[in-house]
2 protein chains.
Amino acid sequence: MSAAPTEILIDLSTAILRHHGERLECRLVGAASARQAKRLPFGPFMPDQHRTMEIGLRHWVREQVGVDLAHVEQLYTFADQGRHASGEAAHIVSVGYLALTRTREQKSAPSQAPTEDGDWEDLYAFFPWEDWRQGRPEVLDTQILPGLDKWLEKDARAADRVRLAFGRDGAQWDEEFVLERYELLYEASLVEEALVDQGSKGRRQPKPDLGLALHLDHRRILATALGRLRSKLKYRPVIFDLMPSGFTLRALQSTTEMVMGVNLHQQNFRRLVEKSGFLISTGKTQRARGRPAEVFRLRHNEHTERPLSGLRVSAGRAKPNAK
Amino acid sequence: MSAAPTEILIDLSTAILRHHGERLECRLVGAASARQAKRLPFGPFMPDQHRTMEIGLRHWVREQVGVDLAHVEQLYTFADQGRHASGEAAHIVSVGYLALTRTREQKSAPSQAPTEDGDWEDLYAFFPWEDWRQGRPEVLDTQILPGLDKWLEKDARAADRVRLAFGRDGAQWDEEFVLERYELLYEASLVEEALVDQGSKGRRQPKPDLGLALHLDHRRILATALGRLRSKLKYRPVIFDLMPSGFTLRALQSTTEMVMGVNLHQQNFRRLVEKSGFLISTGKTQRARGRPAEVFRLRHNEHTERPLSGLRVSAGRAKPNAK
DNA sequence: TCTATTTATACTCAAAATGAGCATAACTGT
DNA sequence: ACAGTTATGCTCATTTTGAGTATAAATAGA
């Protein structure tokens, strides 16, 4: 019932997301050498120094990144062989976390100013096929589906998984299936990490346009994070952990759209949010181009969160394909 | 950035649930000695023998339990100090899993026959306060809320968490907050495991009626499992992984009620299920006392799962308090 | 055999939520 | 003043939900 165990190291890796300007961004570290893939902030779990993993995680984040985390949530524990460099003596298990940070209050216009506060990358740079805000991403039909079909020719067992994940043959595109889609692309060797893990350097070229690669399985963790966030938005008010203390409804909607990767119907979104009772007006307004917008803030927790539900967001019609 | 790590062992523990007769049951093992708490099926993760943790888990389940698992899902990775016997040399991290098994086809009546196929315990024996099928559980008002209030007297910081988790002061009882409730009871030292972990043997007596205790943090894993299952039911068709191949709508509803811990409106449940398109009639009927019921089966996966949604179950009015 | 009881299934109806638009208000820049 | 832009208000048809009433098809017992 028991055997001599291989030494195990636990790695804590965190997908830290923020909303900045018009982008949903992820914090990266590393990649000192030119051609090396970047990585999520991470560090080993040291049980003799950190009472819980979350404490350990906050330690590493503080040390490497220095941002305030508004929401922290454990995602998944990955322990697959073959997803880690095999040179290591110990077996590495990685525990992935999702963390959200509030945007700092923007003084006036959503500046494109290159605030050099660390290495933040557009989340959709890693998953171009997940952003439907400008309509159905072209890469799906030019690269992904053909690539998957070619893969299915050799072994059609995954055909149904592909159908469900990518919404073919009458199946719906489900924006929550971020991980399932990434895993299929990995299995079909369409993303760079798969080729790296196979050690087949140079044998096949990674497809272009299939997103930036990350260190080890960090992109998988990021996919899990996005899927979880999209899912959670619908039943828990986590979106507010991406917002600054005061914000307009339009800003809230933009952030929601960034996360969900779809456009929403503005008037209905407003109705939804108002009805939820989460927000309270600050009386102030924010002016930019058109009519000034009312600035809201989250109602104090003392009395909020009656139903604690999220925003039952559903995709309106996508804006006419911006082409 | 790196330090000599304490040795870490990973423990895989699985909450295996089934629906049997009129109960939702959980499989237990161990407790060879009389006064010792039982435990979930478990075993160490051995990375040199099991490629993934799920493979390891299936290995231990096969060895200890011997049931077919219809659904397996990782729940959470717990690594808190103090939740494990501190006599151990290594630090133990436990990865909790939820697994569902299908009820074997019942030939005729839902027999109360004592089929001795292992140690299956009523899930609500561990969480009596979670079962609202006969109305609001009395233990809430006789034991739990008074106990929590006494605890809050010393330190009121958790007052709002209690309010939300237990649905007081206008807050709704949310059936998904199983873990939050258990954690609060643990923090308030109202469940036996808290006293064991504090090592304060005999100092305070564990409250009666607050459910059976389990080994180490296994009851916490079980709470996570129930919460996750309740949540998942609403957006993914997992309930069918508890059902035999053919079943009546009433049986499906009963199972759903067991999981959710509330009663549902029969006619509306039928409407919901029929509309979902998951089921297809077998043409057969099952007869018991009243009018015979149509027997359904899950539609073949090939064409099902269009929206892949769950059963947007919501509690109807509880049956008049069965007293 | 008749009848009460039990369970399954079919329909109805009002209230609430949703999806899609039109209309108007309140700004900016020229 | 006017065009352009964005926020906000309101309507309306449709769908979904919650809660009943009504009916069908069996069993068990007198």
Side-chain angles (χ1 to χ4, degrees), chain A residues 22 106 108-110 172 234-235 246-257 260 262-296 306-307 309-320, chain B residues 22 106 108-110 172 234-235 246-257 260 262-277 279-296 306-307 309-320 322:
Chain A
E22 279 308 302
Q106 290 167 344
S108 52
Q172 289 280 332
K234 294 179 184 157
Y235 60 97
F247 50 86
T248 65
L249 288 188
R250 187 61 244 234
L252 184 66
Q253 180 180 344
S254 275
T255 308
T256 308
E257 288 174 337
M260 299 306 290
V262 293
N263 292 312
L264 303 173
H265 183 285
Q266 184 164 359
Q267 297 93 318
N268 290 349
F269 183 81
R270 160 175 287 265
R271 177 174 65 188
L272 189 73
V273 172
E274 282 178 339
K275 202 186 41 177
S276 79
F278 284 125
L279 298 188
I280 195 166
S281 172
T282 61
K284 296 174 193 158
T285 59
Q286 190 182 87
R287 52 186 52 194
R289 198 109 54 107
R291 173 172 174 173
E294 198 172 354
V295 177
F296 292 85
R306 308 278 168 59
S309 77
L311 301 173
R312 277 276 204 70
V313 147
S314 68
R317 184 153 64 197
K319 281 178 193 159
Chain B
E22 280 308 302
Q106 289 167 345
S108 51
Q172 287 282 331
K234 293 179 185 159
Y235 60 96
F247 50 85
T248 64
L249 289 187
R250 187 61 244 236
L252 184 66
Q253 180 180 344
S254 276
T255 307
T256 308
E257 289 173 338
M260 300 306 291
V262 293
N263 292 312
L264 304 172
H265 183 284
Q266 185 165 0
Q267 297 94 316
N268 290 349
F269 183 81
R270 160 176 287 264
R271 178 174 66 188
L272 187 74
V273 173
E274 281 178 340
K275 202 186 40 176
S276 79
L279 298 188
I280 195 167
S281 172
T282 62
K284 295 174 194 158
T285 59
Q286 190 183 88
R287 52 184 55 194
R289 198 107 56 107
R291 174 172 172 173
E294 200 171 353
V295 176
F296 292 85
R306 306 280 167 60
S309 77
L311 301 173
R312 278 275 205 70
V313 148
S314 70
R317 184 152 65 198
K319 281 177 192 160

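Being a predicted model, the structure only gives us computed values, none of them experimental. Here is the naming used below: chain letters follow the sequence lines, and residue numbers restart at 1 for every chain.
The CG atom of B:L272 sits 10 Å away from the C1' atom of D:dT17 (whole-angstrom rounding). If you measure from atom NZ of A:K275 to atom P of C:dG19, you get 10 Å, rounded to the nearest angstrom. Note: CZ (A:R287) to C1' (C:dA26) measures 9 Å, nearest angstrom. In this structure, the CD atom of A:Q266 is 18 Å from the P atom of C:dA23, given to the nearest Å. The interatomic distance linking B:L264 (CG) with D:dA19 (P) rounds to 11 Å, in whole Å. We find that CZ of B:F269 is positioned 17 Å from C1' of C:dA10, with the value rounded to whole Å.
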Protein and nucleotides 28-30 of chain D: nitrogen or oxygen contacts under 3.5 angstrom:
none

What are the atom names and distances for every N/O pair under 3.5 Å that joins the protein to nucleotides 9-15 of chain D?
residue : atom : partner : partner atom : Å
D:dG9   : OP2  : A:R270  : NH1          : 3.4
D:dG9   : O6   : A:Q267  : NE2          : 3.2

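To the nearest 0.5 Å, atoms CE (A:M260) and NZ (A:K234) are separated by 4.0 Å. Here the NZ atom belonging to A:K284 is positioned 14.5 Å from the CZ atom belonging to A:R287, to the nearest 0.5 angstrom. The CG atom of A:L272 lies 10.5 Å from the CD atom of A:Q253; values are rounded to the nearest 0.5 Å.
In terms of heavy-atom proximity, A:S281 sits nearest to A:G283 at OG-N, 3.0 Å. Considering every non-hydrogen atom in both A:F296 and A:T282, the closest pair reads C-CG2, 3.9 Å.
A distance-only check finds a donor-acceptor pair linking the side chain of A:S276 to the backbone of A:V273 [under 3.5 Å]. Judged purely by atom type and a 3.5 angstrom limit, A:Q266 has no side-chain atom pairing as donor or acceptor with the backbone of A:R250. Between the side chain of A:Q286 and the backbone N or O of A:F247 there is no donor-acceptor pair closer than 3.5 Å.
Counting only heavy atoms from C-beta on, B:H265 has its side chain closest to D:dA19 among D:dA19, C:dA17, D:dT27. When the nucleotides C:dT18, C:dA20, C:dA26 are ranked by their closest atom to the side chain of A:P292, C:dA26 comes out on top.
The strand DNA chain C forms stems, runs of 3 or more Watson-Crick or G-U wobble pairs with distances below 3.5 Å, at C:1-30 with D:1-30.
Residues B:L249 and B:L279 are in side-chain contact: their nearest non-hydrogen atoms beyond the backbone lie under 4.5 Å apart.
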